[in-house]
Amino acid sequence: MQNMEPKQMFWVRARGYIGEGDIKMHCCVAAYISDYAFLSTALLPHRWNHKVHFMVSLDHSMWFHAPFRADHWMLYECESPWAGGSRGLVRGQLWRRDGVLAVSCAQEGVIRVKPQVSESKL
């Protein structure tokens, strides 16, 4: 099985209608969305060799650049430039459909893994 680059992109949005007036609610929902599959990006090159035993965020920072609606589709781009010493660093960007960068985020987390044990008796 082939290891993957520590990068992934996918479309995200909140389910349902959040509303027009409360930008703080959109920011809170974007914070929730930004944590989705974030640290797992650091695992992509190692996922066939190791089984995740424990994974938790140490910090999560966000920067809001432009107005956005969390209930509209946004492209979430994640990359992990570094992983080692039981930690992983991941950076992400949420792009609006019109190509405007709405949110940048970064997260470092603890990742404890165990070597993948083969079930084969051969």
Side-chain angles (χ1 to χ4, degrees):
M1 295 186 195
Q2 184 176 349
N3 289 337
M4 299 175 64
E5 293 252 353
K7 297 179 181 182
Q8 57 183 341
M9 294 176 15
F10 43 91
W11 291 94
V12 294
R13 71 174 169 88
R15 288 185 180 174
Y17 177 74
I18 294 176
E20 300 283 338
D22 191 0
I23 188 64
K24 291 179 184 176
M25 181 59 72
H26 288 277
C27 290
C28 290
V29 172
Y32 180 81
I33 288 172
S34 73
D35 204 32
Y36 175 77
F38 209 26
L39 272 180
S40 64
T41 304
L43 292 170
L44 290 175
H46 315 285
R47 69 184 192 157
W48 303 115
N49 302 331
H50 297 87
K51 180 179 176 183
V52 176
H53 179 66
F54 178 80
M55 187 165 53
V56 66
S57 174
L58 293 173
D59 55 38
H60 189 131
S61 299
M62 298 183 71
W63 298 268
F64 299 94
H65 307 297
F68 65 93
R69 297 274 313 259
D71 53 359
H72 288 182
W73 287 107
M74 293 184 287
L75 181 64
Y76 193 21
E77 184 178 21
C78 302
E79 70 165 340
S80 176
W82 179 84
S86 297
R87 293 189 335 240
L89 173 66
V90 184
R91 298 184 297 222
Q93 297 175 310
L94 283 167
W95 298 87
R96 295 187 330 203
R97 286 182 300 176
D98 61 1
V100 172
L101 178 61
V103 181
S104 295
C105 42
Q107 184 175 50
E108 185 179 28
V110 172
I111 304 171
R112 303 272 193 237
V113 296
K114 291 182 177 180
Q116 194 74 285
V117 178
S118 174
E119 299 294 325
S120 173
K121 302 295 183 193
L122 297 177

Nearest-0.5 Å distance, CZ of residue F64 to CD1 of residue I23: 8.5 Å

side-chain contact (heavy atoms from CB on, under 4.5 Å) against C28, all qualifying residues, sequence neighbours excluded: none

Rounded distance (nearest 0.5 Å) linking atom CG of L94 with atom CD1 of I33: 7.0 Å

H26 side chain vs A70 backbone, donor-acceptor pair below 3.5 Å: yes

Linked hydrophobic residues, V110 as query - side chain contacts closer than 4.5 Å: F54, V56, L58

Residue pair C105 / Y76, side-chain heavy-atom distance below 4.5 Å: yes

Of all pairs that satisfy side chain to side chain donor-acceptor pair (under 3.5 Å), the ones with a partner from residues 93-103, not counting sequence neighbours: E77-W95, R96-D98

Qualifying salt bridge (charged side-chain N to carboxylate O under 4.0 Å, His left out) pairs, either residue in residues 32-44, two or more places apart: none

Contacts of H65 that satisfy side chain to side chain donor-acceptor pair (under 3.5 Å) - sequence neighbours left out: S104

For R87, salt bridge (charged side-chain N to carboxylate O under 4.0 Å, His left out) partners two or more places apart: E108

S34 OG to M62 CE distance, which is reported to the nearest 0.5 Å: 4.0 Å

side-chain contact (heavy atoms from CB on, under 4.5 Å) evaluation trace for F68 with C27: CA-CA 9 Å; F68 65 93; C27 290; 4.3 Å; yes

From OG (S61) to CD (Q107), nearest 0.5 Å: 9.5 Å

Path from M74 to L101 over hydrophobic side-chain contacts below 4.5 Å: no

Gap between atom CD1 of I111 and atom CG of L39 - 0.5 Å precision: 5.0 Å

With sequence neighbours excluded, residues passing side-chain contact (heavy atoms from CB on, under 4.5 Å) with D22: K24, M25

Partners meeting side chain to side chain donor-acceptor pair (under 3.5 Å) with S40 (sequence neighbours left out): none

Residue pair V113, L43: steps toward the side-chain contact (heavy atoms from CB on, under 4.5 Å) verdict: CA-CA 10 Å; V113 296; L43 292 170; 4.3 Å; yes

Atom pairs and distances, donor-acceptor, side-chain atoms in residues 4-20, under 3.5 Å, two or more places apart:
from: Q8; atom 1: NE2; to: A37; atom 2: O; distance (Å): 3.2
from: Q8; atom 1: NE2; to: T41; atom 2: OG1; distance (Å): 2.8
from: E20; atom 1: OE1; to: R69; atom 2: NH1; distance (Å): 3.4
from: E20; atom 1: OE2; to: R69; atom 2: NH1; distance (Å): 2.9

ILVMFWY clustering at 4.5 Å (side-chain atoms), partners of W82: L89

Within one Ile-Leu-Val-Met-Phe-Trp-Tyr cluster: Y36 and M55, side-chain cutoff 4.5 Å: yes

